[in-house]
Structure formats: structure tokens, C-alpha cells
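Numbering of residues begins at 1 and proceeds along the displayed sequence.
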Amino acid sequence: MELDERKRKILEAIIKNYLETGEPVGSRTISKYTDLNLSSATIRNEMADLEEMGYILQPHTSAGRIPSDKGYRLYVDNLMEEKEKEVSEREKDLSEMKKILMERADKMDQLLQQMAKLLAVNTNYATMITAPQYHKNKVKFIQLSKVDEEKLLAVVVIDGNIVKNTIIDVEEDLDNETLLELNMLCNTSLNGLTLNEISLAVIAKLKEQAGIHRSIIGSVIDAVAEAITVDDLEIYTSGATNIFKYPELSGQQKAQELLTTFEEKEALSDLVTHTTTAENDYGIQVYIGKETPVQTMKDCSVVTATYELEEGVKGTIGIIGPKRMDYEKVVNTLKTLKAELDTIYKKS
């Protein structure tokens, strides 16, 4: 079944309405919301097709529809393409943030804390910002050794002969020949690369070559990313209690899990590592629902951006909210902030 222009407009109307209200959307609402001049019956048929295609869901019988993760993904991808075509503009409501940034980084920790607070106020979502870290360290050597039938030891050596050891769980007992092949594959593909140079294309090719052992390669990449980011990662957060404003996230268990994530921050470090190795052409990464690497955020959407103060010195900005977040405002906010940082901190 094809997603034609009419279906696209109806899907967009459902998503925008749900973003505003948080309530399931019915055909009568859509008939008033679009410029298609279609009857409610025709819209119901189109909505049934969209549901069959996996773009919308009916939460319970006789209710309207809500967007699925697949529907949100299509909406966000289209939004990102549109934003790339637009002329870059500064948002007026970020003038206060720009003023703070102009004070520069004499007190970097205070600056980042203020930025996190301003983002939380500006978006009404939870926010996180990491202190900048040096990402130009290169991989010198990788050694995979068997600990027992279910575990491997991954030894990663980077510039400065810094060594990081990580235990990797495996689902099968690997023989010596297979282990040798994996060692050769990892070293041939990754030695001499910085974290920035280990692109999605490099990872995809490496996993393809590993075949049935692709999950091991994924664990090795995580170990490499952790080794290269050798300093303790400082993460500043704000607005965690904003999640109580959204009924779908305010249940006692979900809210408690999310608050714990922001307090303990270990899972946020995993998110930063994943973001650093998954940068795209837009400079903005959007995780919808189950796409996020953080288990407690499976009912959320997470939008991240990487800022760069000078070559190789990078940090991550993240905004966490419900899947019906205002993606357009969030993306605009992050793009504007990235542009301001690029302007103020001239790359040498």
C-alpha cells in the first residue's frame, strides 16, 4: 500500500493534533483540521489504511487514533529535511541564552548548568548537557581474549598507551580460529581511527563482515567509545520534574524510573556514547520510543545535538520529553544553540 499525498496530510494532521492535545484523534477532528475537504467516512477509510501500514494506533475500541513510533519517525525525518532547506534564523526567545554564552567559559560548569536550566524552561522538557571532552584520541590496538565459554575480555589501547578492559558477554563458545579472525577484523578496521572517524558506515561494514558475530562487534565498538572517552563525563541536568506535566509519563513507576535515571546519570552516559557514534548529516539525532539506548526512556523521545568548542573538543546537549513533544521547536532550539556556540567559540 502506498503512502500518497492525501494519507501524508491526514497523518500529519493526526500527529500535530495529538502533539497539542495528547488525546486520541478522530475522523471528525481531522475533517476540520485539513484542507482536503474530505468526508468523515473517507477519512476513516484512510485512517484504517494508515493503521494497517503501522503509522497510527487505536489505543482502545471506539477511540480515535494516536501516532505510532513509525508515524513519529516519518514526521521527524520530513521535518529535518525541511529544516535543512530553510534559511537559518535565530529564535528571539533564546536571547537570554546568547547573553549567558557571551560570558564565555571562565566558569564552564556554571555556564553549562545555566544552559540546562534555560533549555528546560524554554522547552518544558527535561534537559541534559555534558561538559566538553577531547575526542581525537586514536585506537592503537584491540585484543579479544576468551575468559570462559560465555565471556570475552576486550582490551582497548589508545593514544598515550591508555588501556581499557571490558568484559563482553557472548552467546556461544568461540573457537580460537574465530577469535583470531575477529581480532584481525577489529584491528584492520579500527586501528588509527578517532571516535569521530568510526562512522555508521564503518560500523555497518564491520558488522557485515563479522556475520553471525555482529553483536560482538557492537560490544567492541561500545568498549572503544568508552576507552576513547577516558575522562570522567560531567553531565548537567535540569527540568526532570517536567515529566510530571505529561500524563503518559507521570505514572508512579515510569516517573520514578526517569527521575532515578537523571539522578544517577549512568544511563545518560550510555546515551552520550551512543550519540557520539551515531551522528548524522543533520547534526541532530532523534530517538523515538524504543530507538533510544536508555531502557527507562522507551516511552519518551530524546533529541540530542553535539556541540564543538574547538577541533575534537565536543559535548552533547539532550532534550527528553514525551513522544508527542514539539519536535519543530526542539530542533530549532538545538540548531540555534549549536550555531551560537559555533559563533562564540571560534574553532582554531
Walk me through whether Asp299 and Met297 qualify under side-chain contact (heavy atoms from CB on, under 4.5 Å).
CA-CA 5 Å; Asp299 294 311; Met297 295 180 181; over 6 Å; no
Are Ile142 and Val155 close enough, and set up right, to give a side-chain contact (heavy atoms from CB on, under 4.5 Å), and what steps lead you there?
CA-CA 6 Å; Ile142 298 170; Val155 179; over 6 Å; no
Between Lys140 and Asn191, does a side-chain contact (heavy atoms from CB on, under 4.5 Å) hold up when you go through it step by step?
CA-CA 5 Å; Lys140 291 184 69 175; Asn191 282 8; over 6 Å; no
Evaluate the side-chain hydrogen bond (donor to acceptor under 3.5 Å, both in side chains) criterion for residues Thr316 and Thr304: first the C-alpha distance (whole Å), next the side-chain angles of each, then the deciding distance (0.1 Å), finally the verdict.
CA-CA 7 Å; Thr316 299; Thr304 63; over 6 Å; no
With side-chain contact (heavy atoms from CB on, under 4.5 Å) as the test, would you mind laying out the steps for Ile319 and Val302 before giving the verdict?
CA-CA 6 Å; Ile319 297 178; Val302 182; over 6 Å; no
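Ion pair Asp169/Lys151 flagged as a salt bridge, since at least one NZ, NE, NH1 or NH2 atom sits closer than 4.0 Å to an Asp/Glu carboxylate oxygen. Taking the charged nitrogens against the carboxylate oxygens, Glu12 and Arg8 have no contact shorter than 4.0 Å, which rules out a salt bridge. The existence of a salt bridge linking Arg73 and Glu291 is confirmed by a sub-4.0 Å separation between a basic side-chain nitrogen and an acidic carboxylate oxygen.
The distance from atom OG of Ser31 to atom CG of Asn37, rounded to the nearest 0.5 Å, is 10.0 Å. The distance from atom CD of Glu52 to atom CE of Met47, rounded to the nearest 0.5 Å, is 14.5 Å. Between atom CD1 of residue Ile288 and atom OG of residue Ser68 there is a gap of 9.5 Å, rounded to the nearest 0.5 Å. Note: Ile235 CD1 to Leu268 CG = 5.0 Å, rounded to the nearest 0.5 Å. Rounded to the nearest 0.5 angstrom, Ile221 CD1 and Lys207 NZ are separated by 7.5 Å. Here the CG-NZ distance, from Leu11 to Lys70, works out to 10.5 Å after rounding to the nearest 0.5 Å.
Taking the side chain as every heavy atom from C-beta outward, Tyr327 and Val286 approach each other to under 4.5 Å. No side-chain heavy atom of Tyr236 sits less than 4.5 Å from a side-chain heavy atom of Thr130. Counting heavy atoms from C-beta on, the side chains of Gln143 and Val156 never come closer than 4.5 Å. The shortest distance between side-chain heavy atoms of Pro67 and Arg324 does not fall below 4.5 Å. Annotation: side chain of Val25 is not in contact with side chain of Ile66 (no heavy-atom distance under 4.5 Å). Side-chain contact between Leu190 and Ile198: present, with at least one pair of heavy atoms (C-beta onward) separated by less than 4.5 Å. Proximity of Met53 to Lys7: side-chain heavy atoms (C-beta onward) are separated by under 4.5 Å at one or more points. Two residues are said to be in side-chain contact when any heavy atoms from C-beta on lie closer than 4.5 Å; Tyr18 and Tyr72 meet this criterion.
In this structure Glu181 satisfies the salt bridge (Lys or Arg N to Asp or Glu O under 4.0 Å) test with no other residue, sequence neighbours excluded. For Arg6, the salt bridge (Lys or Arg N to Asp or Glu O under 4.0 Å) partners are Glu46, not counting sequence neighbours.
There is a path of hydrophobic side-chain contacts, each under 4.5 Å, that joins Met325 to Leu19. The hydrophobic clustering, which links ILVMFWY residues whose side-chain heavy atoms are closer than 4.5 Å, places Ile203 and Leu182 together. Leu50 and Leu38 fall within the same hydrophobic cluster, where Ile, Leu, Val, Met, Phe, Trp and Tyr residues are linked whenever their side-chain heavy atoms come under 4.5 Å apart, directly or through other members. Hydrophobic cluster membership differs between Val157 and Val139, with clusters built from Ile, Leu, Val, Met, Phe, Trp and Tyr side chains linked at under 4.5 angstrom. Using a 4.5 Å cut-off between side-chain heavy atoms of Ile, Leu, Val, Met, Phe, Trp and Tyr, with links allowed through other members, Phe262 and Leu259 fall into the same hydrophobic cluster.
Looking only at distances, a side-chain donor or acceptor of Asn187 sits under 3.5 Å from a matching main-chain atom of Asn183. Judged by distance alone, with hydrogens and angles left aside, the side-chain atoms of Tyr125 form a donor-acceptor pair with the main-chain N or O of Asp326 at under 3.5 Å.
The neighbour count for Glu150 CD, taken as heavy atoms of other residues, nucleotides or ligands under 6.0 Å away, does not exceed 12. Residue Lys117 qualifies as open at atom NZ: its count of foreign heavy atoms under 6.0 Å is 12 or below.
Counting Ile, Leu, Val, Met, Phe, Trp and Tyr side chains that sit under 4.5 Å apart, directly or through other members, Met184 shares a hydrophobic cluster with Leu180.
Side-chain atoms of Asn124 and Lys245 form a donor-acceptor pair, as typed in the model, at a separation below 3.5 Å. With hydrogens and angles left out, the side-chain atoms of Asn332 and Lys335 include no donor and acceptor closer than 3.5 Å. Side-chain atoms of Ser238 and Thr127 form no donor-acceptor pair, as typed in the model, at a separation below 3.5 Å. Judged by distance alone, the side chains of Thr42 and Ser39 do bring a donor and an acceptor atom under 3.5 Å apart. In this model, no donor atom of one side chain and acceptor atom of the other lie less than 3.5 Å apart for Ser219 and Asp222.
Residues Cys186 and Leu144 come closest through the heavy atom pair SG-CD1, 4.5 Å. Taking every heavy atom of both residues into account, Ala120 and Asn242 meet most closely at O-ND2, 3.5 Å. Heavy-atom minimum distance, Ala223 versus Thr166: CB-OG1, 3.8 Å. The minimum heavy-atom distance linking Ile217 with Ala210 is given by the pair CG1-CB, 3.4 Å. Between Gly321 and Leu249, the shortest heavy-atom contact is C-CD1, 4.1 Å. The two atoms that bring Ser301 and Lys323 nearest to each other are OG-CA, 3.5 Å, heavy atoms only.
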